[in-house]
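What follows is one structure encoded as structure tokens, with my remarks underneath.
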Amino acid sequence: MGLRNYMANAILTSRDLSLVLFDERHILPFLLTASDETRHEMSEIYDADLAEELTLLIGEPDVFVVEKDGQPLAILGLQYVSNSEGLLWCLFAEGMKDSWVSFIRASRGLIGFLHSHYPEISVDTWIGNDKICQWLSWLGFESKFLTEDANSNKFVHFVRCNSDTKNVYNLSSRPVLH
């Protein structure tokens with residue numbers, strides 16, 4: 001099998017990064033390279049097993065991987081909240097630290113793509129993750145409020161609305177003129 005057949009079709013590309021659909025082949029490489037921050041959040045903040053959570057994502061819609069040279073740097077997804085709102089979540093690998101500038105440059109295109117799924121995107125981010133809070137603010141997300149879980153972990157709730165989308169209640173139910 002040639003390398004071309006093994007590689008997934010990219011949804012988006014920017015410089016040396018590609019956005020592809022999440023697949024079972026991403027799990028082991030991501031587990032081996034998950035960042036300390038991702039490991040900490042999954043085990044200490046969310047009390048979840050990273051391997052189990054990734055396995056549950058197989059076949060789920062709206063789950064994507066940011067790759068560099070076929071290696072996963074981030075796994076992200078949109079979780080349905082309503083027809084107009086999706087909840088964004090992200091997991092990062094250690095290699096993202098070396099590709100952070102490329103990722104930042106590609107992020108506007110990424111957010112544009114995600115807005116094609118939902119006009120409003122929200123994110124709940126652990127307050128201890130300063131870098132991600134700064135990234136979200138740079139992308140135009142607005143911090144709306146702070147929440148606290150049962151273990152006194154604090155989270156910032158961010159929201160970003162697609163200004164290119166007209167404010168309608170249900171996009172698929174708009175009147176059609178003939």
Side-chain angles (χ1 to χ4, degrees), residues 8 10-14 17-23 26-27 30 34-35 37-48 50 52-68 72-97 99-149 153-165 167 171:
I11 298 167
L12 293 173
T13 58
S14 178
L17 301 179
S18 299
L19 183 72
V20 300
L21 288 172
F22 175 76
D23 191 271
H26 294 110
I27 294 175
F30 188 82
S35 70
E37 295 85 356
T38 292
R39 292 180 194 283
H40 171 77
E41 284 187 49
M42 290 301 291
S43 66
E44 302 300 320
I45 306 295
Y46 298 109
D47 192 27
L50 183 57
E52 287 178 20
E53 296 299 320
L54 291 176
T55 302
L56 292 173
L57 295 174
I58 297 170
E60 286 293 315
D62 298 333
V63 180
F64 309 97
V65 177
V66 175
E67 290 183 334
K68 180 178 180 178
L73 298 180
I75 299 175
L76 55 107
L78 283 171
Q79 183 178 343
Y80 175 87
V81 175
S82 72
N83 286 340
S84 61
E85 182 185 359
L87 178 69
L88 175 65
W89 54 266
C90 304
L91 303 170
F92 294 98
E94 281 296 326
M96 182 58 85
K97 292 173 183 172
S99 297
W100 188 248
V101 172
S102 294
F103 179 69
I104 294 295
R105 288 180 179 153
S107 292
R108 292 216 188 256
L110 172 64
I111 292 301
F113 168 73
L114 296 176
H115 269 304
S116 71
H117 293 72
Y118 296 100
E120 182 178 313
I121 299 174
S122 60
V123 181
D124 293 319
T125 302
W126 175 52
I127 201 164
N129 206 334
D130 295 332
K131 196 173 194 176
I132 300 305
C133 290
Q134 290 172 359
W135 171 63
L136 291 169
S137 294
W138 180 79
L139 283 170
F141 283 83
E142 294 180 28
S143 62
K144 294 296 185 179
F145 54 83
L146 291 175
T147 60
E148 192 171 311
D149 68 10
N153 295 306
K154 293 183 173 119
F155 299 86
V156 182
H157 181 78
F158 288 94
V159 176
R160 185 179 195 281
C161 295
N162 184 357
S163 59
D164 294 335
T165 302
N167 187 13
L171 295 175

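- S35 and T38 form a side-chain donor-acceptor contact under 3.5 Å, judged by distance and modelled atom types alone.
- Sparse packing is recorded around CD of E142, with 12 or fewer heavy atoms of other residues, nucleotides or ligands lying under 6.0 Å away.
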Given the rule in the salt bridge (charged side-chain N to carboxylate O under 4.0 Å, His left out) test, do E94 and R39 qualify, once you have shown the distances and angles that lead to the verdict?
-> CA-CA 11 Å; E94 281 296 326; R39 292 180 194 283; over 6 Å; no

Should E37 and M96 be marked as a side-chain contact (heavy atoms from CB on, under 4.5 Å) after you check the CA-CA gap, both sets of side-chain angles, and the distance that decides it?
-> CA-CA 12 Å; E37 295 85 356; M96 182 58 85; over 6 Å; no

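- Of the possible polar contacts, none joining the S99 side chain to the S102 backbone as a donor-acceptor pair under 3.5 Å is found.
- Contact of the L21 side chain with the V65 side chain is not registered, since no non-hydrogen atoms from C-beta on lie closer than 4.5 Å.
- For the residue pair A74 and F92, the shortest heavy atom distance occurs at CB-CD2, 3.7 Å.
- In plain terms, the two heavy atoms of S18 and A10 that are nearest each other are CB-CB, 4.1 Å.
- Separation of atoms OH (Y118) and CG (N83) is listed at 8.0 Å; rounding is to 0.5 Å.
- Within the 4.5 Å cutoff, the side chain of F64 has no heavy atoms near those of the V20 side chain.
- In this structure, CD1 in I121 is found 9.5 Å from CG in L139, a value given to the nearest 0.5 Å.
- Applying the side chain to side chain contact (heavy atoms under 4.5 Å, CB included) test between I27 and each of L57, I75, T55 identifies T55 as the sole match.
- Between the CD1 atom of I111 and the CZ atom of R160 there is a distance of 6.5 Å, given to the nearest 0.5 Å.
- Defined by atom type and a distance below 3.5 Å, a donor-acceptor pair is missing between the side-chain atoms of E120 and N162.
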Is there a side-chain contact (heavy atoms from CB on, under 4.5 Å) between W126 and H40 once you walk through the steps?
-> CA-CA 11 Å; W126 175 52; H40 171 77; 3.7 Å; yes

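- When all heavy atoms are compared, the tightest approach of V81 to G86 is CG2-C, 4.2 Å.
- The side chain to side chain contact (heavy atoms under 4.5 Å, CB included) test with L110 is passed by exactly one of I11, L17, L76: L76.
- Side-chain contact check for S122 versus F141: every heavy-atom pair is 4.5 Å or farther apart.
- Other residues, nucleotides and ligands contribute over 12 non-hydrogen atoms within 6.0 Å of the NZ atom of K131.
- With rounding to the nearest 0.5 angstrom, the CG atom of L50 is 6.5 Å from the CG atom of L91.
- In this structure, P72 and A93 approach most closely via the heavy-atom pair O-CB, 3.6 Å.
- To the nearest 0.5 Å, atom CD1 of residue I127 and atom CZ of residue F155 are 10.0 Å apart.
- Checked against a 6.0 Å centroid threshold, the rings of W135 and F103 count as neighbours.
- H115 and C161 get closest at one heavy-atom pair: CE1-C, 3.8 Å.
- A distance of 5.0 Å separates NZ of K154 from CD of E148, quoted to the nearest 0.5 Å.
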Evaluate side-chain contact (heavy atoms from CB on, under 4.5 Å) for W100 paired with L73, printing each intermediate quantity in order.
-> CA-CA 10 Å; W100 188 248; L73 298 180; over 6 Å; no

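- Within the cation-pi definition used here (under 6.0 Å to the ring centroid, within 45° of the axis), R108 qualifies as a partner of W138.
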